[in-house]
There are 2 protein chains.
Amino acid sequence: MNIDAAKAALAHLDIDDNPAAVRAKSRDFFWYSPVLKDRLDHVCADFVVMPKNQDEVIEILRACHAHDVPVTVRGSGTGNYAQAMPLAGGCVIHMQNMAEVLRIAPGRVTTQPGLVIRELNRITRADSGQELRMMPSTAGTATIGGFICGGSGGVGSVRWGFLRDYGNILRIRVVTMEAEPRILDFTGEDLARVSHAYGTNGVVTEIEMPLAPAYDWIHIFVTLPDFARASRLAHALALQDGILLKLATVCEAPTAARYFQRFKGQVTDRDNVIALMVAPHSMDGFLSFLSHEPDAKLIYRSDAHDWARDPGPAYEYGWNHTTLRALKVQPEITYLQVRYAGPDFLDKVDQIRARFCDELIQHLEFLRENGVMTAAGLTLVRFSTEERLDEIIRIHEDMGCMIFNPHRYTLEEGGRQTVDERQLEFKRQADPKGLLNPGKMIAWDAPDWDYRRMYDYPGMRR
Amino acid sequence: MNIDAAKAALAHLDIDDNPAAVRAKSRDFFWYSPVLKDRLDHVCADFVVMPKNQDEVIEILRACHAHDVPVTVRGSGTGNYAQAMPLAGGCVIHMQNMAEVLRIAPGRVTTQPGLVIRELNRITRADSGQELRMMPSTAGTATIGGFICGGSGGVGSVRWGFLRDYGNILRIRVVTMEAEPRILDFTGEDLARVSHAYGTNGVVTEIEMPLAPAYDWIHIFVTLPDFARASRLAHALALQDGILLKLATVCEAPTAARYFQRFKGQVTDRDNVIALMVAPHSMDGFLSFLSHEPDAKLIYRSDAHDWARDPGPAYEYGWNHTTLRALKVQPEITYLQVRYAGPDFLDKVDQIRARFCDELIQHLEFLRENGVMTAAGLTLVRFSTEERLDEIIRIHEDMGCMIFNPHRYTLEEGGRQTVDERQLEFKRQADPKGLLNPGKMIAWDAPDWDYRRMYDYPGMRR
Ligand SMILES: Cc1cc2nc3c(=O)[nH]c(=O)nc-3n(C[C@H](O)[C@H](O)[C@H](O)COP(=O)(O)OP(=O)(O)OC[C@H]3O[C@@H](n4cnc5c(N)ncnc54)[C@H](O)[C@@H]3O)c2cc1C
Ligand SMILES: Cc1cc2nc3c(=O)[nH]c(=O)nc-3n(C[C@H](O)[C@H](O)[C@H](O)COP(=O)(O)OP(=O)(O)OC[C@H]3O[C@@H](n4cnc5c(N)ncnc54)[C@H](O)[C@@H]3O)c2cc1C
């Protein structure tokens, strides 16, 4: 690794090696996890470079390849699995200057990766009343490139499923990390080679995404005194094909009373909260449906409310924002990502609730998975020790749930603990020296890893 | 019933009493059913009137109420349950002159009822790239009012469910049949009082409907040699949340070879056909998905094909158009509407296939029912006798299927054989004399009817 030679070769570009700036741009939301915080707090790149276009990306990759400098791409650094952290140091490519929308058509947009998602939505909405099918709850800060490479779904998944599903990404253009970088376009089946690969096998320079209509979504909060009924109401509602939703979140009591500061005076600590985004033309159907549950109380709708302080968009209480709000108030809070499979998934949630008392607080996100309405758990966890956290995970697994562990920094451990052959195979072609975001793909570093303990990347700069 | 007095009172309106014209406008697609054809061929009104606006509708209803003249509303008469046939004679109100679009907004349109659906879609598309969420396959001729009052779903139900689902109709305005007709607006829960009521409890004069984006749908035909695999492929495809479909139809072999004339030379009589409408931006995902089924052959896509004669829109091979094409070639064909409940619905279809040999030909329409992807059967039946038809129905029921009998002219028999209390109760208020489309609501005429045999309306003019 010859940092100086690489920097010299790239001196004509927009480079930043101010230590404070480099340190800031070497970090993401990894501190969400007490486990990752313990392991990665020291991680730091050597320099940051901000390409203005694809040609500059190619130059950077050519130079870093020549001088064996690791390269980690960064969008906005809102990933919370340490996706964007340069474990082996080296170069961080910051994409903020590649933030142009290239083309908008009915049902599709082509964009550069560095654009913040909310801005992308603003542009497509202004152009033709369209917006992305789905976005992370961090849409206000995260980039579309970071979402494609590090995210999985979010606001909109209740209708459209996951980002990885057929049709939810249309095309990804990547530049490879070779002596002479290549520019490759992926569509269809091949998208799986580079999407959600943490930038380990290419730098994304252009993205084509499907669009859906951008309605003036009504943001809604409903309370119920009983969690089991709240989750079933949200489920039943999400199953209504004619009621167009973009979000259906359930936060167990006392999440709202304890952690949602603007809810003060609006909820008690026995209130479970359902957060929703409803299309304006579905409000009537929604209200009719809601009226069947006498215990449900509509406490807020964004188009007509008397709250002294506006709570802001409902989605900033859902997905991982629930956790964010909780840990701001109570720093020992962290979370787990739980998959409750099967048609009786809500019974499973109830069983887990019964098992754990107040060490866990349930948080469900309704979403479609292969056409079936289900919910993912983004369960709040009061963290005590790593051993206990692992035990909580084991108990979930024993009860038949799958955990996507957000306390791990590798693709495999944060996913299904299996090697993605497509990503691995493409990394062999696109990054033969293994310089792209090193340490994030176990399959590359340690093909025989057995997942019994947390992977500890040997190349990590200590 | 004083026909002459009513006609005199309405003489200044657009009235037609030419016998041939009146007879033509007293008939619909009832002849689809050999049973209805046998019972209703003689049915005829006394005169037809074509109101230009709601005030004229009120005048007509006031006059007919005063003179005890039955009133049956007619859209385009494409209903095939004899919905629009004036069993007791009297007045037919033909809505063709009330065909104006009143307002278009994001996600919604307000329209008069007499507009042909394809024209409505053309207007909303031209205005803002929008179209109805769903339409009957008769969209080219049927009116939106007739769809609301006599239809149930169709092209688009694979995404949006049924017309009756919350949110799929926004508002209906009706004029009542009283000494002094009232104008009432229904929304939310109350929509169920008047939608799909065959015009038995009010004349619809204005409708507000939700809209979805109008894409340039690609019409597609795929063949497979095995029916069970074809139905499972269509199911799996329809479950792909990210692949936007508007239609997913499966027609068992030899439907296409035998009945789809433009398919000549493109299919053999062993080919099962899947008909699809795919959004252009979902084509790539669709083709990727399709490539997993090696036996599937894409024989037609509307944006790139070499067929000598264009087959036209895919939806005109689905829903009830499948039956229409079959009975044009083979007049003894009729059909059944089958609901296969449960997650193993495709196994049930296979069992029924095995049970019947070539007396039935399977035809499935995939659709969402309370958020669950399932299929309705619009099974082609080679008609022999009414007794055998009843027996076929019984066998289906014994095998756990529900039949919506298209060989009956009452709301109840064509539905779930139960009284709809909401419609009945509103009829008491809105049509106290029982003059609106008489003979179509058993609950009104014969509350204690036990459904063991076909209802025979005693007031029918013979
Ligand atoms: C409060 C909170 C809520 C969240 N909610 C959600 C949610 O609802 N859904 C969800 O999926 N995620 C969620 N996340 C995770 C994260 O915010 C999103 O995935 C987000 O889209 C990441 O975008 P970013 O620009 O911040 O990417 P970064 O964090 O900067 O990068 C993410 C990954 O993508 C790689 N990458 C970025 N750009 C490129 C590129 N151009 N080429 C190659 N690789 C690249 C990075 O190397 C990194 O591995 C949440 C996180 C927080 C903290
Ligand atoms: C080949 C074929 C395919 C079909 N496919 C479908 C399908 O996919 N989905 C489906 O749902 N149906 C289908 N149908 C049935 C029918 O075509 C549709 O329901 C259609 O929408 C009816 O519209 P129409 O204008 O022809 O109504 P009509 O047949 O004229 O009337 C239907 C009913 O509505 C009442 N009505 C009409 N206008 C008013 C009004 N303004 N106020 C009060 N009552 C009124 C009539 O009295 C009658 O009871 C099909 C029929 C055929 C023959």
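Per chain, numbering begins at 1; letters A, B, ... match sequence-line order.
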Among B/G167, B/A212, B/S288, single out the residue with the greatest number of heavy-atom pairs under 4.5 Å to chain A.
B/S288
What residue, out of B/T187, B/D165, B/D216, has the most heavy-atom pairs lying under 4.5 Å from chain A?
B/T187
So do the side chains of A/R159 and B/D241 get within less than 4.5 Å of each other, counting heavy atoms only?
no
Portion of A/E189 that has a non-hydrogen atom of chain B nearer than 4.5 angstrom:
both
Pick from A/G129, A/G188, A/G161: which one has the most heavy-atom pairs with chain B under 4.5 Å?
A/G188
Let me know if A/P280 has heavy atoms under 4.5 Å from chain B in its side chain, its backbone, both or neither.
both
CG (B/D284) and CD (A/E208) are apart, to the nearest 0.5 Å, by 9.0 Å
Part of A/L287 lying under 4.5 Å from any heavy atom of chain B:
neither
Side chains of B/W160 and A/L244, heavy atoms from C-beta outward: is any pair under 4.5 Å?
yes
At a 4.5 Å cut-off on heavy atoms, which part of A/S128 comes close to chain B: side chain, backbone, both, or neither?
neither
Okay, side chain of B/R368, backbone of A/L239: is any donor-acceptor separation there less than 3.5 Å?
no
Against chain B, label A/L211 side chain, backbone, both or neither, depending on which of its atoms sit under 4.5 Å from a heavy atom there.
backbone
With a 4.5 angstrom heavy-atom cut-off, could you sort out which part of A/S282 is near chain B: side chain, backbone, both or neither?
side chain
Would you call B/P106 and A/H281 a side-chain contact if the rule is heavy atoms closer than 4.5 Å?
no
Picking from B/R171, B/M373, B/Q240, B/M283, which has the most non-hydrogen pairs under 4.5 angstrom with chain A?
B/Q240
Quick one: pull up CD1 in A/I243 and CG in B/N168 and give me the separation to the nearest 0.5 Å.
9.0 Å
Between A/F289 and chain B, with a heavy-atom cut-off of 4.5 Å, which part of the residue counts as in contact: side chain, backbone, both or neither?
both
